[in-house]
Amino acid sequence: MAGIYVHIPFCKKACHYCDFHFTTTQYYRDEIIQQLANEIEQKKNYLSKQTLNTIYFGGGTPSILNEEELRLLLNSIHRNFVVAKNAEITLEANPDDLSMEKLLILKKIGINRLSIGIQSFLDEDLKWMNRAHNAAQAKKAVMNAANAGFNNISIDLIYGLPTSTLADWHTNLALAVILPVQHLSCYCLTVEDNTALHHFIKKGKVSEKKDEVSSEEFLLAHQFLVANNFEHYEISNYGLKNFHSRHNSSYWENEPYLGIGPSAHSYNGISRQWNVANNIQYLNSMKEGKSLFEKEELSCEQQFNEYLMTRLRTTKGISLEYVETVFGKKYSDELHQKISAYESPSHFEIQNNHLHLTTEGMLKLNSIVIEWMADE
Ligand code: SF4
């Protein structure tokens, strides 16, 4: 089982909080799209001929692309890889791009899952984030998608906004569950270096929300969504039964994936590599038939730590049997020591020989990761 991720590095507007790799200019767009198709061909052996179970167009804003551009990329994938008949094919989309006409095109070319960047259904929040859409467009995009025949729709929402209250967050969640949405990703706003938000905070124009308030919002999302039949299967992700994201789950299941495009990461079980996060450098190297990336071979210790850190995010948790059989007794003992040395053992639970965080424990994920990594 394997997946492919294609990074589309273009956006209409820069959201104030965003540190993903993108540009708001459309310079070199045609050339970059062509090189993405070329890179797919160039790396056709990376996954050792494994069948693709998932294809994911992320960004940036993939919904900016027109039919011809998307077909070019999909054709390149189908020409160079074996794609499973029931493959999950996701496209990240922004609401302002999702006209009925566009949605019908996406359906026709084979996209079968949409991940819509709603972020909030409230105009004040959207303005504050500098999103390109408004609240009415957000609701309409979801309804249009369902009417166009999409029955696997995910939306992203952001909590922890300094300007919004717990009641506002509840309004967002309540609206989400009455819309035809099968999956939600709820992300806590984080302040990343070199973003507009970081600059506003440094200048004192915006104050960060207190952690306790963001924690309340996290708990509200958990309680409210679980009560509405969404399974909380990863710290930020909720899905109705059988609607967990197969692509993202493969990251947490340690499955190999190939990342295409500037800034995209790839993993094949023994090493990680990441493409240059610069459109011009990406373009120039690809024109010379080379791909510019950095690579790290993973030691056993690193593979063990990655396994712990990714699985700790999931409600499935860390398989104690897997640790013992794949990494050996030394690492199994190390894991047990980490757990017993942690100050609040009640934040962990063991069920069916799997160790996972309790909901309270999920709030402490960052400090657990820091503490466990500091042991190295
Ligand atoms: S649309 Fe998405 S990728 Fe683009 S700036 Fe906004 S959050 Fe970042």
Inset, instruction - Please round to the nearest 0.5 Å and tell me the distance separating atom CG of Asn53 and atom CE of Met1. - result: 5.5 Å
Legend entry - Residues Glu334, Lys338: salt bridge by 4.0 Å N-O rule: yes
Inset, instruction - Report yes or no: do Glu88 and Asn152 form a side-chain donor-acceptor pair below 3.5 Å? - result: no
Legend entry - Value rounded to 0.5 Å, distance of CD in Gln119 from OH in Tyr187: 9.0 Å
Legend entry - Reported CG-to-NE2 distance for the pair Asn194 and His199, which is rounded to 0.5 angstrom: 11.5 Å
Inset, instruction - Would you check, one step at a time, whether the test side chain to side chain contact (heavy atoms under 4.5 Å, CB included) holds for Ile89 with Leu91? - result: CA-CA 7 Å; Ile89 306 179; Leu91 181 115; over 6 Å; no
Inset, instruction - Would you mind checking if Lys210 and Glu212 are paired as a salt bridge, meaning a charged N to carboxylate O distance below 4.0 Å? - result: no
Inset, instruction - Please name the pair of heavy atoms, one in Ala141 and one in Leu103, separated by the smallest distance, quoted to 0.1 Å. - result: O-CD1, 4.4 Å
Inset, instruction - Kindly say whether Asn237 contributes a backbone atom to a donor-acceptor pair with the side chain of His183 at under 3.5 angstrom? - result: no
Legend entry - Test item: Phe348 and Leu357 side chains (from C-beta on) under 4.5 Å apart, heavy atoms: yes
Legend entry - Same apolar cluster (I L V M F W Y, side chains within < 4.5 Å links), Tyr46/Val83: yes
Inset, instruction - Carefully, step by step, assess Thr195 and Asp19 under the rule side-chain hydrogen bond (donor to acceptor under 3.5 Å, both in side chains). - result: CA-CA 6 Å; Thr195 57; Asp19 77 334; over 6 Å; no
Inset, instruction - Take atom CD of Glu68 as the centre, draw a 6.0 Å sphere, and report whether it contains more than 12 heavy atoms from other residues, nucleotides or ligands. - result: no
Inset, instruction - On the 0 to 90° scale, with breaks at 30° and 60°, tag the Tyr5-His7 ring pair as parallel, tilted or perpendicular. - result: tilted
Inset, instruction - Answer whether the closest heavy-atom distance between the side chains of Phe121 and Ile155 falls below 4.5 Å. - result: yes
Inset, instruction - Identify whether the distance between the nearest side-chain nitrogen and carboxylate oxygen of Asp97 and Lys12 falls below 4.0 Å. - result: yes
Inset, instruction - Consider only side-chain N and O atoms of Glu41 and Asn38, and report whether a donor and an acceptor are under 3.5 Å apart. - result: no
Legend entry - Distance-minimising heavy-atom pair for Thr90 and Ile111: C-CG2, 4.5 Å
Legend entry - Joint cluster assignment, Tyr56 & Leu98, ILVMFWY side-chain distance < 4.5 Å: no
Inset, instruction - Output yes when a side-chain donor or acceptor of Thr314 lies under 3.5 Å from a complementary backbone atom of Thr310, and no otherwise. - result: no
Legend entry - Leu197 and Met129: CA distance, side-chain angles, deciding distance, side chain to side chain contact (heavy atoms under 4.5 Å, CB included) verdict: CA-CA 9 Å; Leu197 178 59; Met129 289 188 259; over 6 Å; no
Legend entry - Asn94-Ser63 side chain donor-acceptor pair, cut-off 3.5 Å: no
Legend entry - Close side-chain approach of Leu72 and Leu36, heavy atoms under 4.5 Å: no
Inset, instruction - Validate the cation-pi geometry between Lys316 and Tyr233: distance from NZ or CZ to the six-membered ring centre under 6.0 Å, angle to the ring axis within 45°. - result: no
Inset, instruction - Find out whether Met286 and Glu31 are in side-chain contact, i.e. whether some heavy atom of one side chain is under 4.5 Å from a heavy atom of the other. - result: no
Inset, instruction - Verify the cluster assignment for Ile235 and Tyr307: are they in a single hydrophobic cluster under the rule of side-chain heavy atoms below 4.5 Å apart? - result: yes
Inset, instruction - Would you name the heavy atoms of Tyr282 and Glu39 that are closest together and state the gap between them? - result: OH-OE1, 2.7 Å
Inset, instruction - In plain terms, say whether Arg313 and Glu234 are close enough for a salt bridge, that is, a side-chain N and a carboxylate O under 4.0 Å apart. - result: yes
Inset, instruction - Using modelled atom types only, decide if a donor and an acceptor are shared between the side chain of Arg311 and the backbone of His354 within a distance under 3.5 Å. - result: no
Legend entry - Residues which pass ring-ring contact (aromatic ring centres under 6.0 Å, His included) with Phe10, listed by chain and number, not counting sequence neighbours: none
Inset, instruction - For the pair Cys186 and Tyr159, evaluate side chain to side chain contact (heavy atoms under 4.5 Å, CB included) and give the outcome as yes or no after the intermediate values. - result: CA-CA 7 Å; Cys186 299; Tyr159 64 94; 4.3 Å; yes
Legend entry - Spacing of CD belonging to Gln137 relative to CG belonging to Asn134, to within rounding of 0.5 Å: 4.0 Å
Inset, instruction - Rounded to the nearest 0.5 Å, what's the gap from CD1 on Ile318 to CG on Leu308? Could you check? - result: 4.5 Å
Inset, instruction - Answer yes or no: is there a donor N or O on one side and an acceptor on the other, between the side chain of Thr24 and the main chain of Ala14, under 3.5 Å? - result: no
Inset, instruction - Flag the pair Arg272 and Glu297 as a salt bridge only when some basic side-chain nitrogen lies within less than 4.0 angstrom of an acidic carboxylate oxygen. - result: no
Inset, instruction - Go through Asn144 and Lys102 one step at a time and tell me if the side chain to side chain contact (heavy atoms under 4.5 Å, CB included) criterion holds. - result: CA-CA 10 Å; Asn144 277 352; Lys102 182 65 170 271; over 6 Å; no
Inset, instruction - Indicate, with yes or no, if Val226 and Ile178 share a hydrophobic cluster defined by side-chain heavy-atom contacts under 4.5 Å among Ile, Leu, Val, Met, Phe, Trp and Tyr. - result: no
Inset, instruction - Report the C-alpha separation of Asn279 and His21 in whole Å, then their side-chain angles, then the decisive distance to 0.1 Å, and conclude whether the side-chain hydrogen bond (donor to acceptor under 3.5 Å, both in side chains) test is met. - result: CA-CA 9 Å; Asn279 286 0; His21 172 69; 2.7 Å; yes
Legend entry - Crowding at OH, Tyr28 (>12 non-hydrogen neighbours, <6.0 Å): no
Legend entry - Student check: side-chain heavy atoms of Glu92 and Thr61 closer than 4.5 Å: no
Inset, instruction - Could you state whether Leu189 and Phe200 fall into the same hydrophobic cluster, counting links through intermediate Ile, Leu, Val, Met, Phe, Trp or Tyr residues with side-chain heavy atoms under 4.5 angstrom apart? - result: yes
Legend entry - Heavy-atom pair of closest approach, residues Ser346 and Thr358: O-CG2, 3.4 Å
Legend entry - Polar contact flag, side-chain donor to acceptor under 3.5 angstrom, Thr190-Glu192: yes
Inset, instruction - State, with a plain yes or no, whether a side-chain heavy atom of Trp372 is found less than 4.5 Å away from one of Met309. - result: yes
Inset, instruction - Using atom types as modelled and distance alone, determine if a side-chain donor or acceptor of Asn112 lies under 3.5 Å from a backbone N or O of Ala87. - result: yes
Legend entry - Pairwise distance CD(Glu371) to NZ(Lys364) - rounded to 0.5 angstrom: 12.0 Å
Inset, instruction - Give the ring-plane orientation class for His265 versus Trp274, where under 30° counts as parallel, over 60° as perpendicular and anything between as tilted. - result: parallel
Inset, instruction - For Pro162 and Trp128, work out which heavy atoms get closest and say how close. - result: CD-CH2, 3.4 Å
Legend entry - More than 12 heavy atoms of other groups within 6.0 Å of Asn352 CG: no
Inset, instruction - I would like to know whether Glu255 and Gln50 meet side-chain hydrogen bond (donor to acceptor under 3.5 Å, both in side chains); could you show each step before the answer? - result: CA-CA 11 Å; Glu255 283 163 18; Gln50 289 191 68; over 6 Å; no
Inset, instruction - Keeping the roles fixed (side chain from Asn172, backbone from Ser120), state whether a donor-acceptor pair exists under 3.5 Å. - result: no
Inset, instruction - Check whether any side-chain heavy atom of Asp168 lies under 4.5 Å from a side-chain heavy atom of Leu161, and answer yes or no. - result: no
Enumerate donor-acceptor pairs with a distance under 3.5 Å from any side-chain N or O in residues 319-327 to protein atoms, sequence neighbours excluded.
from	atom 1	to	atom 2	distance (Å)
Ser319	OG	Tyr322	N	3.0
Glu324	OE1	Ser332	OG	3.3
Thr325	OG1	Glu321	O	2.8
Thr325	OG1	Tyr322	O	3.4

Inset, instruction - Report yes if some heavy atom in the side chain of Lys43 is under 4.5 Å from a heavy atom in the side chain of Phe293; otherwise report no. - result: yes
